[in-house]
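Convention: sequence-line order gives letters A, B, ...; per-chain numbering from 1.
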Amino acid sequence: MNQWMLRITRYAERLLRNLDALEWPEKVKAMQTNWIGRSEGAEVTFTALGPNGSRHPLKIFTTRPDTLFGATYMVMAPEHPLVRELTADDRSAEVNAYVERVKSESDVERAAKTEKTGVFTGAYAINPVNAEKIPVWISDYVLMAYGTGAIMAVPAHDERDYEFAKKFGLEIREVITSEAGVATEASVGEGTMINSGEFTGRPSAEGRKGIVQWLEQKELGRGTVNYKLRDWVFSRQRYWGEPIPIIHCEKCGPVAVDEKDLPVRLPDIERYQPTGTGESPLATIHDWVNVACPKCNGPAKRETDTMPQWAGSSWYFLRYASPHAKDALLSEEGRKWLPVDMYVGGVEHAILHLLYARFFTMFLYDIGVVGFEEPFKRLFNQGMITYVGKSGKAEKMSKSKGNVVNPDGLVRTFGCDSLRMYELFVGPPELDAEWNEHGIEGVHRFLKRAWHWVSIHNGQWSKTPSREMLVQRHLLLKNVTERLESFRMNTIVSSFMEFLNDVSSMNQAPDKETVETFLVAIAPFAPHFAEELWQQAGHSTSIFQEKWPVWDEAYTVFDTVTVAVQVNGKLRGTIVVNANAAEDLVFESASKDPAIARYLDGVQIRKKVYVKGRILNLVVG
RNA sequence: GCGAGAGUGGCGGAAUUGGCAGACGCGCUGGACUUAGGAUCCAGUGGGGUAACCCAUGAGGGUUCGAGUCCCUCCUUUCGCACCA
C-alpha cells in the first residue's frame, strides 16, 4: 500500500535544538529529546560475501567506531534486503523459518521477549579495518527501522551483543581497557584502545574520531548522525479527514491540486464506514474521485487517502488568531497575537501533538507564512484529578472505570463558584490530586463570609480608609497578581481568605475602592459571586469589563519589621525594629529583650549575623 | 536499565527560593448563642515534658552562623522511554 509521508526527519535537528530555549516542563523536553533520539556515530561499509562468491556492500551504523577492531560477527535485521542473497543454501531452511516466525510476531511480542534469538546465515563479511572475515547472523534484536538495519557486533563492549555472543558461543574480543574486564559482562565505558592495530594505545574517545577520519579517507565510512524519529505516515484510509490534495494522472503521475482549487472538500455521502478492502470510503464516490489532470487535462483520479486527526491540531491555534482571514492562513491582525504565550494541556500530548505542531510551525516559518519557529513559548501541564473506583486505587476518572464524580450535587448544594474555587484550592495545578470533597465547605463558608462583609458595607463605605486597610488591599492584589503569573492558583485562594480574615477582624468599614478591588480580583475565580455583588454596588456594566487593578508598592513594604533572633541557630525571641535599622541597633534592641538576654548572660558573643529585616543570629560560646 | 517528578501535622497543602517550619482550609477539642444544631461566632490544635526546655520536613551523612530548601549515599513512590546499535 502506497502511503503519503511527511518528512519530519528533515527537521529532527531543529526540533531538538530549539527545545533548549522553550519554557516547557523539563519532563516534556526530555520526552521529546528521547523521542527524537539523536546519536552521533559512524556509518561503516563492510563487505559481505555471498554463497557464490558475490560481494555486497553491507552498511552498518555504530556509535562506537572505536570498537571496530572488536567486531567478531555481524547481525542483520530479519527483514534486511540482503538476507536472501547472503544466505547459504544449507542454511536457507533455518533462515527462512526464522524470518517467517519473526514476521508473524507483533511488535509487542517482539519487544516482550527476554532471551536473544537468531540464526547464522552461512555468510561472512570483511571488516574494513583489519580485513578479518566474521560471520553474518540475523536476529530480531536488530531493527530494520533504525540505522541501516544491520550492525557490527562487538560483544566485549555492548550489552546486547554480549548476551547474544554468550548464548551462541561467539568470540568476545576486548579492545577497550576497563577495570572490571569483560569476563562477566560487557564493558561499555571509555578506556584505552587495545588490540586495535595502529590505534592501540589511544584513549577511546579520541580514537573514535581517528577511526572515522581513517574511514573517510579510505571511503569506507563516514561520521554521521542517526535519529530514532521516523518520517510521519500521513495517510489514513478513512472518510473523516482532510483529503490529501493530490491527483493521480495516468500520464503525469501524482500531481498537486492547484492552489486556487484548495482546499479539497469532502463530498457529502451517505455511507462513510470503512470499505473493508483497505481502501478509503472515498474511493467509491465516482463523481468525486474522477477529475481532470491539472497538468494535461486528461483523465485522472483524486487521492482518496485523508489526513490523520493530528493534521488539524497541528495548526488550529494559528487559525484561532485570525478565523476570518479569507486569502491567507494568518492575517496581519492575527500575527500580533502569536506565538502562543502560554499553552495549557495534559502531559499526554507531550510527544505527538506538541512535536507535530512544532514541525508544522517550523515548516510554515520556512515558507514565510509565520514569523516564528516555535508555536508555544510556555507550556503548562496540569495534573489529573484521580479518584478511587472499582480497582480500589486512585485513577484518572473515566466512565469505563466507573469512578466518575458528577458535580451536579455539589453545584446544587454549594454553587458552582464554590466548586470552581475549591478545585483550585485543592493543590498545585501541576500535580495530580485525589478527589475528595470534604474541603469544599471551607471555600463555601469563605464565600458566604465574604458576601456578608461586602453586603453589610455596601453604600456605607469609609471615605478615609485606614492605612492598614489600604495595606490589605494592595497586598492582596500583589499576591493574587504574582501568584497568577506563576500559576499558583491554590495559594491565590488562600490570599483571598487571609485578606478577608484580616479586614473583617479590623472592625472597620472598608473604602469603596478596597471592596471593588477585591471583587475585580476575585471575579476570575468566583465569577457569579463577583458579578452579582458588583451590580449590587451600583454598577450597570459587567465586572468583566473592568481593568485589572494595580497595586502600589508603598503599601506592601513596611516601616517596621519583626526580626527573629536566634542564639546559636535556635530561635529565642522576636523583636520589632525599624525596617532600615542598622545591625548595631537591632542587636541593642535584641539584647534588651529579656527572653533573649538570658541566653547572652555570661557568654561571649563570637559572631553576629544580621539579615536585614529577617533574622539576627548570635553565635556565642 | 535510562530519564523526569514526588515524599512536610490526623488530612489537602504553605514556606518571599538558604533566614521565625506548618500560612490557608478540612477535621478535631472546648466555649458562646440556641427548643435544636450537620447553622453561625469565639478560642485552641505537630510531638514530648508540670516546667525551663527538648524533638520534628522519608533515612543517614556533609556544607553553613543558619538547611524542608544546597551537596553525597540510600529507601519508598508516580510517570515516561525501553533490544534505537
Side-chain angles (χ1 to χ4, degrees), chain A residues 25-35 37-39 41 60-64 67 74-75 77 110-114 116 139-143 145-154 157-161 163-164 188 226-230 347-348 350-351 381 383-384 386 394 421-422 425-428 430-446 448-449 452 478-479 482-483 488 490-501 505 562-574 598 606-620:
Chain A
E26 284 309 315
K27 177 182 181 145
V28 175
K29 290 198 204 180
M31 284 166 78
Q32 293 213 349
T33 301
N34 199 307
W35 185 260
R38 180 185 202 275
S39 45
I60 59 103
F61 173 74
T62 178
T63 54
R64 292 296 299 269
T67 64
M74 300 189 77
V75 186
R110 188 163 164 172
K113 269 198 288 199
T114 49
K116 296 265 181 294
S139 170
D140 63 0
Y141 86 88
V142 172
L143 309 172
Y146 184 75
T148 61
I151 62 158
M152 65 165 185
V154 185
H157 305 293
D158 181 282
E159 284 162 9
R160 298 147 301 181
D161 298 345
E163 191 191 333
F164 193 83
V188 297
N226 238 301
Y227 301 91
K228 285 190 216 171
L229 184 69
R230 304 197 200 151
V347 73
E348 67 270 21
I351 298 174
N381 294 134
M384 279 186 312
T386 61
M421 266 191 122
Y422 174 61
F425 190 54
V426 159
E430 69 275 17
L431 299 183
D432 290 350
E434 194 178 329
W435 179 249
N436 133 20
E437 49 203 48
H438 295 305
I440 193 171
E441 283 195 57
V443 173
H444 184 62
R445 274 200 278 263
F446 158 74
K448 277 200 289 192
R449 290 201 301 128
H452 181 69
K478 178 185 164 83
N479 281 337
E482 288 179 350
R483 293 169 180 191
R488 290 176 302 168
N490 52 330
T491 62
I492 293 180
V493 179
S494 302
S495 304
F496 286 120
M497 290 172 168
E498 280 173 293
F499 168 83
L500 186 66
N501 288 345
S505 67
T562 304
V563 171
V565 181
Q566 298 182 332
V567 178
N568 283 346
K570 287 193 171 142
L571 182 72
R572 297 304 183 189
T574 58
R598 41 191 294 248
R606 293 223 175 116
K607 191 170 179 181
K608 298 177 208 160
V609 182
Y610 177 56
V611 179
K612 199 172 149 194
R614 297 233 170 113
I615 203 161
L616 174 70
N617 191 11
L618 302 170
V619 185
V620 303

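Between Asp432(A) and Met384(A), the closest heavy-atom pair is OD1-N, 2.7 Å. When all heavy atoms of Phe425(A) and Ser494(A) are compared, the closest pair comes out as CE1-OG, 3.6 Å. What you find for Lys608(A) and Leu618(A) is that their closest heavy atoms are CG-CD2, 3.6 Å. Contact between Val347(A) and Lys27(A) at its shortest, heavy atoms only, is CG2-CE, 4.1 Å. Closest approach of Phe61(A) and Gly147(A) over heavy atoms only: CB-CA, 4.3 Å.
Nucleotides rC83(B) and rC71(B), compared at atom C1', are 36 Å apart to the nearest Å. rG7(B) and rU34(B) have their C1' atoms separated by 46 Å, with the value rounded to a whole Å. Only the C1' atoms considered, rU76(B) is 7 Å distant from rG58(B), to the nearest whole Å. Between the C1' atoms of rA15(B) and rG19(B), the separation comes to 11 Å (whole Å). Rounded to the nearest Å, the gap between the P atom of rA32(B) and that of rC70(B) is 49 Å. For the C1' atoms, the distance from rU17(B) to rC33(B) is 47 Å, rounded to whole Å. Taking the P atom of each, rG48(B) and rA4(B) are spaced 41 Å apart, rounded to whole Å. Nucleotides rA59(B) and rA67(B), compared at atom P, are 15 Å apart to the nearest Å.
Spacing between atom CG of Asp432(A) and atom P of rC79(B) amounts to 9 Å, rounded to whole angstrom units. Taking atom CZ of Arg445(A) as the reference point, atom P of rC42(B) lies 12 Å away to the nearest angstrom. Going from atom CZ of Arg64(A) over to atom P of rC83(B) covers 20 Å, rounded to whole Å. Rounded to whole angstrom, the span from the CD atom of Glu441(A) across to the C1' atom of rG38(B) amounts to 8 Å. Taking atom CZ of residue Arg449(A) and atom C1' of nucleotide rC26(B), one finds them 14 Å apart after rounding to whole Å. Between the CZ atom of Phe446(A) and the P atom of rC26(B) there is a distance of 12 Å, given to the nearest Å. The CD atom of Glu26(A) sits 18 Å away from the P atom of rC81(B) (whole-angstrom rounding). At whole-Å resolution of the value, OH in Tyr422(A) and P in rC26(B) are 11 Å apart.
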- Message: Please convert RNA chain B into dot-bracket. A pair counts if it is Watson-Crick or G-U wobble with both distances under 3.5 Å; crossing pairs go in [ ] and bases paired with another strand get |.
- Response: (((((((..(((......[....)))((((((.......))))))(((....)))..(((((..]....))))))))))))....

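Each of Ile60(A), Ile151(A), Thr148(A) was checked for a side chain to side chain contact (heavy atoms under 4.5 Å, CB included) with Val142(A), and the lone residue meeting it is Ile151(A).
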- Message: The test is side-chain hydrogen bond (donor to acceptor under 3.5 Å, both in side chains); show your working for Asn490(A) and Arg483(A) and say whether it passes.
- Response: CA-CA 9 Å; Asn490(A) 52 330; Arg483(A) 293 169 180 191; over 6 Å; no

- Task: Dump the intermediate steps for side chain to side chain contact (heavy atoms under 4.5 Å, CB included) on Asp161(A) and Tyr141(A), then the final yes or no.
- Result: CA-CA 9 Å; Asp161(A) 298 345; Tyr141(A) 86 88; 2.6 Å; yes

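The listed nucleotides are rC83(B), rU16(B), rC65(B); the one nearest the side chain of Arg614(A) is rU16(B). Checking rG25(B), rG19(B), rC20(B) against the side-chain heavy atoms of Leu571(A) singles out rC20(B) as nearest. Taking every side-chain heavy atom of Ala30(A) into account, rG3(B) is the closest of rG3(B), rA85(B), rG25(B). With distances taken from any side-chain atom of Arg572(A) to the nucleotides rC54(B), rG19(B), rU40(B), the minimum falls on rC54(B). Checking rC83(B), rC53(B), rA85(B) against the side-chain heavy atoms of Thr62(A) singles out rA85(B) as nearest.
The residue Val611(A) sits close to a base: some heavy atom pair falls under 4.0 Å. At the heavy-atom level, Lys570(A) lies under 4.0 Å from the strands shown only through sugar-phosphate atoms. Counting non-hydrogen atoms under 4.0 angstrom, Arg606(A) reaches nothing in the nucleic acid. As judged by a 4.0 angstrom heavy-atom cut-off over every strand, Arg38(A) is placed among residues making no nucleic acid contact. As judged by a 4.0 angstrom heavy-atom cut-off over every strand, Pro428(A) is placed among residues touching the sugar-phosphate backbone only. Residue contacts for Ser495(A): at a heavy-atom cut-off of 4.0 Å it reaches no nucleic acid atom on any strand shown. Residue contacts for Asn501(A): at a heavy-atom cut-off of 4.0 Å it reaches the sugar-phosphate backbone alone, with no base atom in range. Contact annotation for Gln566(A): base contact, defined as any heavy-atom pair under 4.0 Å involving a base atom. In this structure, Val142(A) reaches the bases: a heavy-atom distance under 4.0 Å links it to at least one base atom across the strands shown. Here Thr63(A) lies in heavy-atom contact (under 4.0 Å) with sugar-phosphate atoms only. Across all strands, Arg483(A) comes closer than 4.0 Å to no nucleic acid atom at all (heavy-atom distances). The residue Asn490(A) sits close only to the backbone: its heavy atoms come under 4.0 Å of sugar-phosphate atoms, none of a base. Here Lys29(A) lies out of heavy-atom contact (under 4.0 Å) with every strand. In this structure, Val426(A) reaches the sugar-phosphate backbone alone: every heavy-atom distance under 4.0 Å involves primed, P, OP1 or OP2 atoms, never a base.
OP1 or OP2 of rG80(B) has not a single side-chain nitrogen or oxygen of Lys27(A) nearer than 4.0 Å. A close approach under 4.0 Å does not occur between any side-chain nitrogen or oxygen of Thr491(A) and OP1 or OP2 of rG13(B). Distances shorter than 4.0 Å separate some side-chain N or O of Arg488(A) from OP1 or OP2 on rA15(B).
Atom CH2 of Trp35(A) sits in a sparse spot, with 12 or fewer heavy atoms from other residues, nucleotides or ligands closer than 6.0 Å.
Side-chain N/O atoms of Lys608(A) and base N/O atoms of rC65(B) include no donor-acceptor pair closer than 3.5 Å. Contact of Asn34(A) with rC81(B) (side chain to base): no donor-acceptor pair of N or O atoms is detected under 3.5 Å.
Projected onto RNA chain B by closest heavy-atom contact, Asn568(A) and Gly147(A) fall at different nucleotides, the more 5' of which corresponds to Asn568(A). With RNA chain B read from its 5' end, the first of the two nearest nucleotides for Val609(A) and Leu431(A) is the one closest to Leu431(A).
Side-chain contact between Thr67(A) and Met152(A): present, with at least one pair of heavy atoms (C-beta onward) separated by less than 4.5 Å. Counting heavy atoms from C-beta on, the side chains of Val154(A) and Arg64(A) never come closer than 4.5 Å.
With a glycosidic angle further than 90° from 0, rU45(B) counts as anti. Taking the O4'-C1'-N9-C4 or O4'-C1'-N1-C2 dihedral as appropriate, rG66(B) has a value more than 90° from 0 and is therefore anti.
A cation-pi arrangement is not found for Lys116(A) relative to Phe164(A), the charged atom failing to lie both closer than 6.0 Å to the ring centre and inside a 45° cone about the ring normal.
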